[in-house]
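Values reported hereafter were calculated over all heavy atoms of this structure, with side chains retained and with hydrogens, waters and symmetry mates removed.
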Amino acid sequence: MKNLKMVVFKIFFFSLMVALAMRGSWNNLEDLQNFFLHIQNNLETITLLSFPLLFVLTIYMFTRPKPVYLVDFSCYLPPLHLKFSTQELMEQARRVREAGMYWNNEENEHLVDFQQKILERSGLGQETGIPEGLQCFPLRQDMATSRKETEQVIFGALDNLFRNTGVKPGEIGILVVNSSTFNPTPSLASMIVNKYKLRDNIKSLNLGGMGCSAGVIAIDVAKGLLQVQRNTYAIVVSTENITQNLYLGKNKSMLVTNCLFRVGGAAILLSNRSKDRRRAKYELAHTVRIHTGSDDRSFECATQEEDEDGIIGVTLTKNLPMVAARTLKINIATLGPLVLPMKEKLAFFVTFLKKKYFNPKLRNYTPDFKLAFEHFCIHAGGRALIDELEKNLTLSPLHVEASRMTLHRFGNTSSSSIWYELAYTEAKGRMKKGDRVWQIALGSGFKCNSSVWVALRNVKPSVNNPWEDCMDRYPVEIEI
C-alpha cells in the first residue's frame, strides 16, 4: 500500500509541476522546494484524491474497444478447367433442357434466349468459373458434388491464407463462416474444424440465409467476439455454392441468378493482438449494418421459393431496385456522421433543416464520400447495381473500376466479391498507408452493410493474389 501511495504521489506531483511550470509559477528553487515539502506533508490527502482518477483510467483501459487488425486475406482462384464462356454456358443450357422434362420447344427456346440476352448485358467476361457438377452432362447437383465444390473453394482459400501468414490452425480462437443457400449438416464451420484440426474450445459460428451482404455481417460478428476474447486470431470465411442453385424452371425472374452467380470465396484473418499491428494490412474502423426486413416489400424482394412447377429458385421482384435504394440511403445516413469531414456534415445538416422547415421539395443533399474514402469496394452484384451506386455517389470510373473488373473476371461471387475487389486494388499498387476503404454490400432480407478499413502501410498484393495471372490485361473495356 505504501508503494502504491508513492507511485500515485509521483504521478500527481510530476503532472502538477509540469502544468504550473508551463504557467511560469516557479520564481526560484526555494519556491519549488517549499511546494514539494507541503505536498509530502499532505501525502494521504493527495493519494485519496488520486484514487478516483486511477479508477476511471482503469475502467477505460479495460472497457475501451480493442483494435481489430486485418492481417491478410485470400481469395479462391478457380482453376483453368472451371472457366466457362458465355457460348459454352448457353450450349449447356440447351443440352440440359432438350434432354430433360423442362424442354417445351418454342417456349423454352425463348427462355434460353432470354438468359443469353441477360448475359450479354451483364458485364461478365468469358473466364468466370462454373463448378464441375454443372459442366458435365447429365448435371450432378447431389449433396456430395455440392459439398465437393464448397470444400475446394474454402480449403483453397484457407490453405493459401495459412501459407502466407505463417499462422498455425491451432492458434485460431474464432471462426465465422457464411454461406447463404448451402448449409449442410455437419455445418461448413465444423467441416473446417475437422479439416484443420482446430482446437476444442474454438468459438465457431455458421451464418446461413443472409444473402450477398453476409460477408460484412461475418466481419462484424468476428469483431464483436474479438472484443471479449483476448489475444487471439479470428478467421472469417465467405462463400456461396453454385452447384445446388442452378434453376431449371421457366420463371424469368428466377433465371436471372443463373446468369450472374459464379464460383468464388474468400478467407480473412483478423487479430486483436497488439503485436500484429506491425504486420497487418488494415485496421477495422467501422461496421454499419442496416436491416429493413420489417417492411414486407423489403423482406419479399429476393426470396428462395418453389415456382409453379415445384422447382426451387430465387425470385427477384420488381420492388428490388426501390428497396435497395431505400436501404442504401439509410446505411449512408448512418455511416456519414462517422466518416465525413465536418464541412460535409454541416452541409447535410443545413439542407435537412431547409427541407424540413422551409422547402419540402428541396432535393436531399448527397455528401461527397470521395472526401472520406480513397477506395470503394461495391458488391459486384450486377452491372445495374454498380451503375446506380456510381451515379448516386457521384463516383468516377476509377472508383468503381475494381467492382466492374471483378464482375467481369469472376462474376457475382456473392458475399466474397468485395474481397476480390480489395485484392484488385492491391494488385494495382494503389493502396497507400492511411488510405481508407469502404466495402459496401447489399443482400436479401433486405440488408445493406458497410465496413471501413484503414491501411496501416503501403499494401502490396499477397502471394497467389487472384489477379496476378491477368493483371496486365485489366482494366478492360466492357461493351454496353
Please determine if [X] and [Y] form a salt bridge, counting it only when a charged side-chain N lies under 4.0 Å from a carboxylate O.
X	Y	value
Glu109	Arg94	yes
Lys195	Glu151	no
Asp368	Lys370	yes

Strictly by modelled atom types, are [X] and [Y] linked by a side-chain donor-acceptor pair under 3.5 Å?
X	Y	answer
Thr315	Glu305	yes
Glu132	His81	yes
Ser85	Glu88	yes

Seminar exercise, completed: Which of Asn178, Thr181, Thr413 passes side chain to side chain donor-acceptor pair (under 3.5 Å) with Glu240? It is Thr181
Please give me the minimum heavy-atom distance between [X] and [Y], naming the atom from each residue.
X	Y	answer
Arg436	Leu371	NH2-O, 3.4 Å
Leu260	Ser122	CD2-CB, 3.9 Å
Ile130	Leu134	CG2-CB, 3.8 Å

Exercise. Taking only residues two or more places apart in sequence or in another chain, which ones pass salt bridge (Lys or Arg N to Asp or Glu O under 4.0 Å) with Lys223?
Worked result: Asp220
For this session: With sequence neighbours left out, write down each residue that passes salt bridge (Lys or Arg N to Asp or Glu O under 4.0 Å) with Lys460, or none if nothing qualifies.
Result: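 If we apply the salt bridge (Lys or Arg N to Asp or Glu O under 4.0 Å) test to Lys460, skipping adjacent residues, there are no hits.
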For this session: Check the surroundings of atom NZ in Lys343: do more than 12 heavy atoms from other residues, nucleotides or ligands lie under 6.0 Å from it?
Result: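 Not more than 12 within 6.0 Å, no.
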Problem set entry | Sole candidate of Thr86, Ile118, Leu89, Asn412 that passes side-chain contact (heavy atoms from CB on, under 4.5 Å) when paired with Cys259 | Ile118
Exercise. Taking the inter-plane angle between the rings of Tyr474 and Trp467 on a 0 to 90° scale, is it parallel (under 30°), tilted (30 to 60°) or perpendicular (over 60°)?
Worked result: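 Correct class here is perpendicular.
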Exercise. Relative to the ring of Phe373, is the ring of Phe376 parallel (under 30°), tilted (30 to 60°) or perpendicular (over 60°)?
Worked result: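 Phe376 vs Phe373 ring planes: perpendicular.
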Problem set entry | Evaluation steps, side-chain hydrogen bond (donor to acceptor under 3.5 Å, both in side chains), between Ser417 and Thr406 | CA-CA 7 Å; Ser417 69; Thr406 294; over 6 Å; no
Exercise. Can you list every ring pair (Phe, Tyr, Trp, His ring centres under 6.0 Å) pair that touches residues 187-235, not counting sequence neighbours?
Worked result: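 Only Phe155-Tyr196, Phe162-Tyr196 qualify under ring pair (Phe, Tyr, Trp, His ring centres under 6.0 Å).
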